[in-house]
Amino acid sequence: MDRNTRRVLATGVAVSALVTTAHAWAQTAPAAPQAEATRIDEIIVTAQRREQRLQDVPVTVTAFGAEELEQARIKDVDDVATRTPGLQFDAFPASQPRIAVRGIGSTDRGAAGDPSAAVFLDEIYLGRPAMVAFDAFDIERIEVLKGPQGTLYGRNVVGGAINIVTQRPDLDAFGASTEATIGNYGRLEGAAVVNAPFADGRAAVRASGSWRTHDGYTNNSFTGGEVDDQDTLSGRIQIAAEPSDTVRLSLTVDGTRDRAAGPANRVLDLDESDPLSMFWEPNRDREQFAGSTDGYQNRDTWGVRGEAQFDLSFATLTYLGSYRDLDYSTAYDFDGGNPTTNFVQISGGNDEQSDASSHELRLSSLPDSPVQWVAGVYTYSADTHRLDTLILDLGGEGTETYTQDAELTSYAVFGDVTVPVSDRINLIGGLRYTEDQKDYRISNTAGNTIFRGEEEFDVSASATFDALTWRAGADYRLAEDHLLYVMVSRGFKSGGFQDLPGSAAEAADAFEPEYATQYEIGQKSVFLGGRLTWNNTLYTIDYTDLQTRRTLPSGQVLTDNAGAATITGYETYLSWRPFEGARLVAGYGYTDATFDDYFVDATTNYAGNRIARAPEHKLVLSPSYDWSLANGAVVRFAADYRYESLIYEDNSNTGPERREPSNIYDARVIYTPASDRWSVSLWGKNLSDEVVRSFQGAFLGANFGAYAPPRTYGLSFNWTL
């Protein structure tokens, strides 16, 4: 029996089991109405490019609403990932995040590379890793869509998508709110938002801003400075107008400015089989290192977004356009030592200037249409100039610089439809055709030497990549609060060029696109009159030609197309209000992500190895209790527990490049008076002060890496007009 036959049989059995189980649940679920205070709040999402209840969407989505974002101090993508099974996040350095969904991610930050999991800010694609800079203040919700989303969400969504939706201007009322925080490590934070209608309620302006700063988590004993600090300014201005009942217009300008030192990279382990290991001294003290420089991480990014919607007699016509700009620079001590401790000194960094623009024109069905559909055209262009610098000091300083210039032009046409074939059954289908044109120039002649390369070169190359992606599925409404669905979706990530090639031939040779086809069945149910939500998903992903990165002993990093991998998994989400004031949210993800075929050379095959940065188990538990006082005030006690199993940092699954299982505890106590106009919270993160590695890479006889933040705590005050 071949693998495809086994998949069909397994899927059939699983669907049958879910149908039978859900049917039994629907028959036995209590129908008695419950008090409103014990019902679970519904979240409206736009995962299918239209507003729907989260429980009605036949896609696996984890969503965080505005209240949860505020009270749980979810401020950036890292905070989202820690609370989402199936989503992984790490950053080295912190301003260049690496995101993976269900084992599919990318560490390629080269000018001609792309992420495998995409981030969208109000539907605008953030195409460069360092563009993923936003503050979660004044955010309506954050949606995490798991699995290929290439039909509706644009380019390179082979693993999944994170969709950040900001609070839109309110045309009906004036409003304002503010937030202030103090905490350990000298933490000071402030944020504010003002919403003001004008033009007799036909328009409104909304302005929000935030400032977040803390001292460094790590002391530099050599320079006397601190690293791993933060100094971030963010701002956003939105103008929305409805000049008539059928026309809606909006314009947004946003920006983020980051200034920080670090990161605190250091030698974590030695490869004693390599004679170069004698030059290094490990340092596993998270609180200090002895780098020859504090380094810096500077980022300025901003963007403009414009949207126009026109209600026609049969559909809504939408134009969405954007421009994004990025200026990024980082430099750091890679080995965490200095001339008095290490014979060899390694440092370097990146400089990048990128700009990108996109245009989308789409036509979508009206909300009350029995057949829901959307069709459109999309274009995206980007221009990236990037420098990658490595400085190696062996008694005399040598500098190697890779200069990269990339131009990208992408076109797409897409369509998606949901057709009801009965009162309970919908059929779903979508197609998208994408074509990417990449022009690339790379040179390693700017430095005074070469370390990772075999020769000097200055190469120009071009390539075109295209693909047809799609999805097909169905959902079945077993009862009012019980949905079953099955979905098959195909995603693609564009090919590209090496960012650190060793030769002119490698520089001119493009690596191929990667593809993922996901088979998913799921169930979404609400029980006990709205007090219990329980969703379950089973999936398997055929992952072919996947773009993988490996570090050679010389320090050169190559992107290969591995043959194939299979990712199978199970995810469950439960939200339960057992009695008034109490709530338990639990999420668990099991991910079996292994290579089927990956020859790294003529004799070495990684078949059977786990894909890097994909833990087999991830568990999130978030209990809370609201204690109602006699004066009408409420005190909320809440905690979060997260467990991740072993993570390999390298596809070889050997050596010290691994993260041991981790257990993280967060907690908060929030006081809200009866007026509900303000609140004060005492919070703590990583309360057990768990030591977790956030990045690792082995070469030259050592495993270099950095640590995630230590225990932090503080006091926050929120006020709303």
Side-chain angles (χ1 to χ4, degrees), residues 62 64-65 67-91 94 136 142 144 181-187 189 212 214-215 217-218 228 230 284-287 571-578 581-591 613 615-627 635-647 658-671 679-695 705-716:
T62 299
F64 302 91
E67 181 180 359
E68 185 174 7
L69 292 172
E70 175 188 317
Q71 295 193 353
R73 284 190 57 80
I74 297 174
K75 300 302 180 185
D76 52 30
V77 175
D78 189 9
D79 293 329
V80 174
T82 59
R83 299 168 66 88
T84 306
L87 175 63
Q88 295 303 119
F89 171 94
D90 62 55
I142 296 177
V144 181
T181 296
I182 59 172
N184 64 333
Y185 293 98
R187 183 180 302 274
E189 299 179 1
R212 304 194 186 279
H214 64 74
D215 298 336
Y217 296 139
T218 308
D228 293 334
Q230 180 185 23
R284 299 189 185 94
D285 184 350
R286 182 177 57 187
E287 296 182 356
E571 292 179 12
T572 185
Y573 168 84
L574 181 143
S575 181
W576 179 34
R577 291 192 182 275
R583 184 181 182 185
L584 172 65
V585 176
Y588 168 73
Y590 167 78
T591 307
R613 300 190 299 125
E616 189 172 11
H617 304 281
K618 185 172 181 178
L619 173 67
V620 180
L621 297 175
S622 299
S624 65
Y625 177 72
D626 290 349
W627 178 29
V635 179
R636 172 169 293 181
F637 302 90
D640 300 306
Y641 166 72
R642 305 187 301 276
Y643 168 78
E644 283 186 353
S645 60
L646 174 71
I647 296 175
R658 62 181 67 191
R659 299 183 215 176
E660 296 302 321
S662 61
N663 297 270
I664 307 295
Y665 302 87
D666 301 341
R668 54 201 172 275
V669 179
I670 305 167
Y671 175 83
S679 65
V680 61
S681 63
L682 176 65
W683 55 267
K685 290 192 171 187
N686 190 12
L687 292 175
S688 62
D689 206 20
E690 185 92 348
V691 178
V692 179
R693 298 182 179 187
S694 61
F695 161 82
Y707 289 113
R711 179 194 298 117
T712 58
Y713 51 86
L715 190 70
S716 297

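Just so you know, these numbers come straight off a predicted model, no measurement behind them. In this chain, residues are counted from 1 in sequence order. Quick note: numbers below take in every heavy atom, side chains included, and nothing from hydrogens, waters or symmetry partners.
From Asp228, atom CG reaches atom CD of Glu287 across 12.0 Å, with rounding to the nearest 0.5 Å. The OH atom of Tyr713 sits 10.5 Å away from the CG atom of Leu682 when rounded to the nearest 0.5 Å. To the nearest 0.5 Å, the span separating NZ on Lys685 from CZ on Arg73 amounts to 6.0 Å. Rounded to the nearest 0.5 angstrom, Leu584 CG and Tyr625 OH are separated by 15.0 Å. Atom OG of Ser622 and atom CD of Glu68 lie 7.0 Å apart (nearest 0.5 Å). With rounding to the nearest 0.5 angstrom, the CD atom of Gln88 is 8.0 Å from the OG1 atom of Thr591.
Nearest heavy atom pair, residue Ser624 against residue Ala638, reads CB-CB, 3.8 Å. Considering all non-hydrogen atoms of both residues, Arg711 and Asp689 come closest at N-OD1, 2.9 Å. Minimum interatomic distance between Asn663 and Glu690 (heavy atoms only, all atoms of both residues): N-OE2, 3.2 Å. Scanning both residues, Thr82 and Val620, for their nearest heavy atoms gives O-CG2, 3.7 Å. Closest of all the heavy-atom pairs between Phe89 and Ala81 is CB-CB, 3.4 Å. When all heavy atoms are compared, the tightest approach of Pro85 to Gly589 is CB-N, 3.6 Å.
For Asn184, the side chain to side chain donor-acceptor pair (under 3.5 Å) test picks out no residue, with sequence neighbours left out. For Glu660, the side chain to side chain contact (heavy atoms under 4.5 Å, CB included) test picks out Leu646, Arg658, with sequence neighbours left out. The ring pair (Phe, Tyr, Trp, His ring centres under 6.0 Å) test applied to Tyr643 returns no partner, not counting sequence neighbours. For Phe64, there are no ring pair (Phe, Tyr, Trp, His ring centres under 6.0 Å) partners at least two apart in sequence or on another chain. Partners of Phe637 according to the ring pair (Phe, Tyr, Trp, His ring centres under 6.0 Å) rule, which considers only residues two or more places apart in sequence or in another chain, do not exist here. Looking at residues two or more places apart in sequence or on another chain, you find a side chain to side chain donor-acceptor pair (under 3.5 Å) between Thr62 and Lys146. Legend: residues meeting salt bridge (Lys or Arg N to Asp or Glu O under 4.0 Å) with Asp640, ordered by chain and number and at least two apart, are Arg83, Arg668. Listed by chain and number, the residues in a salt bridge (Lys or Arg N to Asp or Glu O under 4.0 Å) with Arg284 are Asp269 (sequence neighbours excluded). With sequence neighbours left out, the side chain to side chain donor-acceptor pair (under 3.5 Å) criterion links Tyr217 to Arg187, His214. Remark: Asp215 engages no residue in a salt bridge (Lys or Arg N to Asp or Glu O under 4.0 Å) (not counting sequence neighbours). With sequence neighbours left out, Asp666 forms a side chain to side chain donor-acceptor pair (under 3.5 Å) with Arg642. For Glu70, there are no salt bridge (Lys or Arg N to Asp or Glu O under 4.0 Å) partners, not counting sequence neighbours.
Under a 3.5 Å cut-off, the side chain of Lys618 and the backbone N or O of Thr84 do form a donor-acceptor pair. Looking at Thr181, its side chain never comes within 3.5 Å of a backbone N or O of Glu189 through a donor-acceptor pair.
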| message | Run Leu574 and Tyr588 through side chain to side chain contact (heavy atoms under 4.5 Å, CB included) and show every step you take. | response | CA-CA 9 Å; Leu574 181 143; Tyr588 168 73; over 6 Å; no
| task | Quick one: do Tyr590 and Glu571 satisfy side chain to side chain contact (heavy atoms under 4.5 Å, CB included)? Show the steps, please. | result | CA-CA 6 Å; Tyr590 167 78; Glu571 292 179 12; over 6 Å; no
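Between Arg583 and Trp576 the shortest side-chain heavy-atom distance does not fall below 4.5 Å. Pro709 has its side chain out of reach of Tyr185: every pair of non-hydrogen atoms, C-beta onward, lies at least 4.5 Å apart.
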